[in-house]
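For reference, the structure discussed in these notes is given below.
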Amino acid sequence: MADSKGLTVKKNENFSEWFTEVVQKAELADMRFNVKGFLVFQPSSVLVMEKMYHFMEKALQRRGHKPYWFPTLIPEGNFKKEASHIQGFTPEVFWVTHGGEKELEEKLALRPTSETAFYQMFALWIRSYKDLPFKAYQRAQVFRYETKATRPFLRSREFHWIETHCAFPTQDDAFKQVHEDMEITKEVLHDKFGLPFIIFERPAWDVFPGASKTFAADVLNPDGKVVQQPSTHLIKHDFAKAFDIKYKDKDGIDKYVYTTCYGPAISRIFASIVIVHGDDKGLRFPWEIAPYHVVIVPIGNTDNLISKARELEKKLIEFCDVMIDSSEKSPGEKFNLWELKGVPIRIDLGEKEIESKKLSLFRRDLNKKENIAETDLIRHVKLIKDEFTANLIKEADKIFHNRIVNSRTLDSMKKSIDAGNIVRCGFCSTEMDGKKCAEIVKEKTGAEVRGTNLVEEKSEGKCIVCDKVAKHVVYVAKSY
């Protein structure tokens, strides 16, 4: 049961404990399931994530992606067809070795990602240039034997995501898809979910296994660590060749396709929404994905109050999700509970409000009460609806951009990193010849070179490590 007494720690004083309390007290997940790294997702998170899936899937479908449901199990032979992919994922794979008591002839992987499943079928489905582009996605769980410390939603051994897999006739077409993926990330994660981020092109030593280029959105936590959110990848041509995915062009010549993949992890994005918008009272959800938009709290359980609450619910339910809290909790407990759970608007309804025909509204974006005439309820709730997410975005953007700082030396970088910032600096190379400098950055600061901003930035001066001419401006941060 949710804890109506609220949180006992402040977000900026002890972020780790704050996050643990929010997950437990707001009933987002129960961590007591007896398989390490696996969560029981509770209604307070499931209702939000269902809405998150809706926005992401609609954005994909509008751009021509078709939904599929693929098997959870992938034969080991599929992984072995592309060497760098299996090397990258084998340490994280859960293997199924028995069916009942019978040992299987070939091990089956619980999918850690599904390139090798989709490409098996692409080779059967794609025959002609007329079949291209082929844009597919699925919403699914993936499983990774995470050996580091697990953390609810942020780092689990099972997470819920969407993965797209697409095929194109040319590399230019494939690269356009990568840019489209990044547009979707902004449209949904920033404009709907209110998350500020920078999309980086990852350095050569940090690309997805089997990819030639990787781009990913990094969101910053209060403890100074970034969380990688949706990543999109231009897949090496080796994959299409390994799975023999060919098409006949207009001249009847066989050619290999070019492929991309994109992976918005809904459960991890949910973690960033909780972290970025939450405050010392608990959760704050953007209007578009809040589990309920309005909660009506009768101050007492008289027939008159419940009847009035249902009357208000009937007016509001046409354009928002409403619930009535008729529980036996005290008014103070109810107020704390719904602020903890992040519902955008609370209507406090007592006999005084009925008599005066005035209503008391508490809005969670501004954390303040507003008194309005009952006749003005619909107009006012619609006004808050239009303002709510924009207010959260404005606040989050300001905090994020104020924590990006410049450094010219490793000493100043370490101080900035320790203070919880993302550091921008000059760097010699993001190709493999720059890896040694990146390793020194990590050794000296505990942070990683995250990559270069897609918004082109002119590099000046020298590499922060080796004093060679800086070819790039890179961003450095600690990560999960």
Side-chain angles (χ1 to χ4, degrees), residues 57 60-61 63-90 92-93 106-140 142-143 161-182 184 202 204 207-216 230-264:
E57 290 190 70
L60 291 169
Q61 290 171 12
R63 293 167 171 85
H65 293 77
K66 304 297 183 186
Y68 288 79
W69 287 350
F70 268 69
T72 304
L73 298 175
I74 301 174
E76 183 182 24
N78 285 32
F79 281 91
K80 289 183 175 179
K81 288 185 177 181
E82 208 287 320
S84 61
H85 189 70
I86 191 169
Q87 288 172 3
F89 274 107
T90 293
E92 298 181 352
V93 172
E106 181 179 19
K107 290 193 299 184
L108 303 172
L110 283 177
R111 61 174 168 237
T113 180
S114 299
E115 284 74 17
T116 60
F118 274 76
Y119 295 168
Q120 169 80 13
M121 301 309 296
F122 279 11
L124 302 175
W125 295 338
I126 297 171
R127 287 286 176 263
S128 162
Y129 71 93
K130 296 178 182 179
D131 298 322
L132 299 173
F134 198 104
K135 300 171 72 168
Y137 81 90
Q138 71 170 341
R139 57 182 288 183
V142 290
F143 307 86
W161 79 346
I162 291 171
E163 53 181 315
T164 77
H165 298 282
C166 305
F168 301 91
T170 70
Q171 188 172 43
D172 284 345
D173 292 325
F175 204 51
K176 287 176 184 176
Q177 180 60 52
V178 168
H179 280 278
E180 182 179 276
D181 295 339
M182 291 185 273
I184 292 173
R202 293 287 190 240
V207 299
F208 177 76
S212 59
K213 287 183 179 290
T214 288
F215 302 85
S231 55
T232 177
H233 315 280
L234 188 65
I235 301 298
K236 291 178 182 176
H237 219 194
D238 297 350
F239 249 128
K241 293 176 180 177
F243 283 85
D244 201 32
I245 314 172
K246 291 187 287 192
Y247 71 97
K248 289 189 182 296
D249 68 10
K250 292 181 180 180
D251 298 320
I253 298 171
D254 284 334
K255 292 182 178 178
Y256 288 106
V257 301
Y258 290 84
T259 56
T260 67
C261 65
Y262 174 52

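Count residues from 1 along the sequence.
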Identify the heavy atoms of Val93 and Pro112 that sit nearest to each other, and give their distance. CG2-CG, 4.0 Å
Enter the distance from Gln120:CD to Lys81:NZ here, rounded to the nearest 0.5 Å. 5.0 Å
Quick check: closest heavy atoms across Cys261 and Ile235, and the distance to 0.1 Å? SG-CD1, 3.7 Å
Per the salt bridge (charged side-chain N to carboxylate O under 4.0 Å, His left out) rule, what does the pair list look like for residues 125-137, sequence neighbours excluded? Lys135-Glu180
Applying ring pair (Phe, Tyr, Trp, His ring centres under 6.0 Å), can you list everything that pairs with Tyr129, at least two apart in sequence or on another chain? none
Which heavy atom of Ser114 sits nearest a heavy atom of Glu163, and at what distance? OG-OE2, 2.8 Å
Rounded to the nearest 0.5 Å, what separates atom CE in Met182 from atom CZ in Phe215? 5.0 Å
Which residues satisfy the salt bridge (charged side-chain N to carboxylate O under 4.0 Å, His left out) test with Lys246, sequence neighbours excluded? Asp244
Residues Phe122, His165; criterion side-chain contact (heavy atoms from CB on, under 4.5 Å); working and verdict: CA-CA 10 Å; Phe122 279 11; His165 298 282; 4.2 Å; yes
Non-hydrogen side-chain atoms of Gln177 and Tyr262 separated by less than 4.5 Å: no
With a 4.5 Å cut-off on side-chain heavy atoms, are Pro75 and Leu108 touching? yes
NZ-NZ distance between Lys236 and Lys213, expressed to the nearest 0.5 angstrom: 12.5 Å
Residues at least two apart in sequence or cross-chain that pass ring pair (Phe, Tyr, Trp, His ring centres under 6.0 Å) with Phe70, listed by chain then number, are Phe118
Value rounded to 0.5 Å, distance of OG1 in Thr116 from CZ in Arg111: 11.0 Å
Hey, could you give me each pair passing side chain to side chain donor-acceptor pair (under 3.5 Å) that has a residue in residues 250-259? Not counting sequence neighbours. Tyr119-Thr259, Lys248-Asp254, Asp249-Lys255
Walk me through it: do Trp125 and Phe134 pass the test side-chain contact (heavy atoms from CB on, under 4.5 Å)? CA-CA 9 Å; Trp125 295 338; Phe134 198 104; 3.5 Å; yes
So how far is it from Leu124 CG to Phe243 CZ, rounded to the nearest 0.5 Å? 11.5 Å
Can you list the residues that meet the side chain to side chain donor-acceptor pair (under 3.5 Å) rule with Ser231, with sequence neighbours excluded? His233
How many angstroms lie between SG in Cys166 and CZ in Arg63, if you round to the nearest 0.5 Å? 12.0 Å
Quick one: do Thr113 and Phe208 satisfy side-chain contact (heavy atoms from CB on, under 4.5 Å)? Show the steps, please. CA-CA 11 Å; Thr113 180; Phe208 177 76; 4.3 Å; yes
Kindly give the heavy-atom pair with the smallest separation between Ala167 and Leu132, and that separation in Å. O-CD2, 3.7 Å
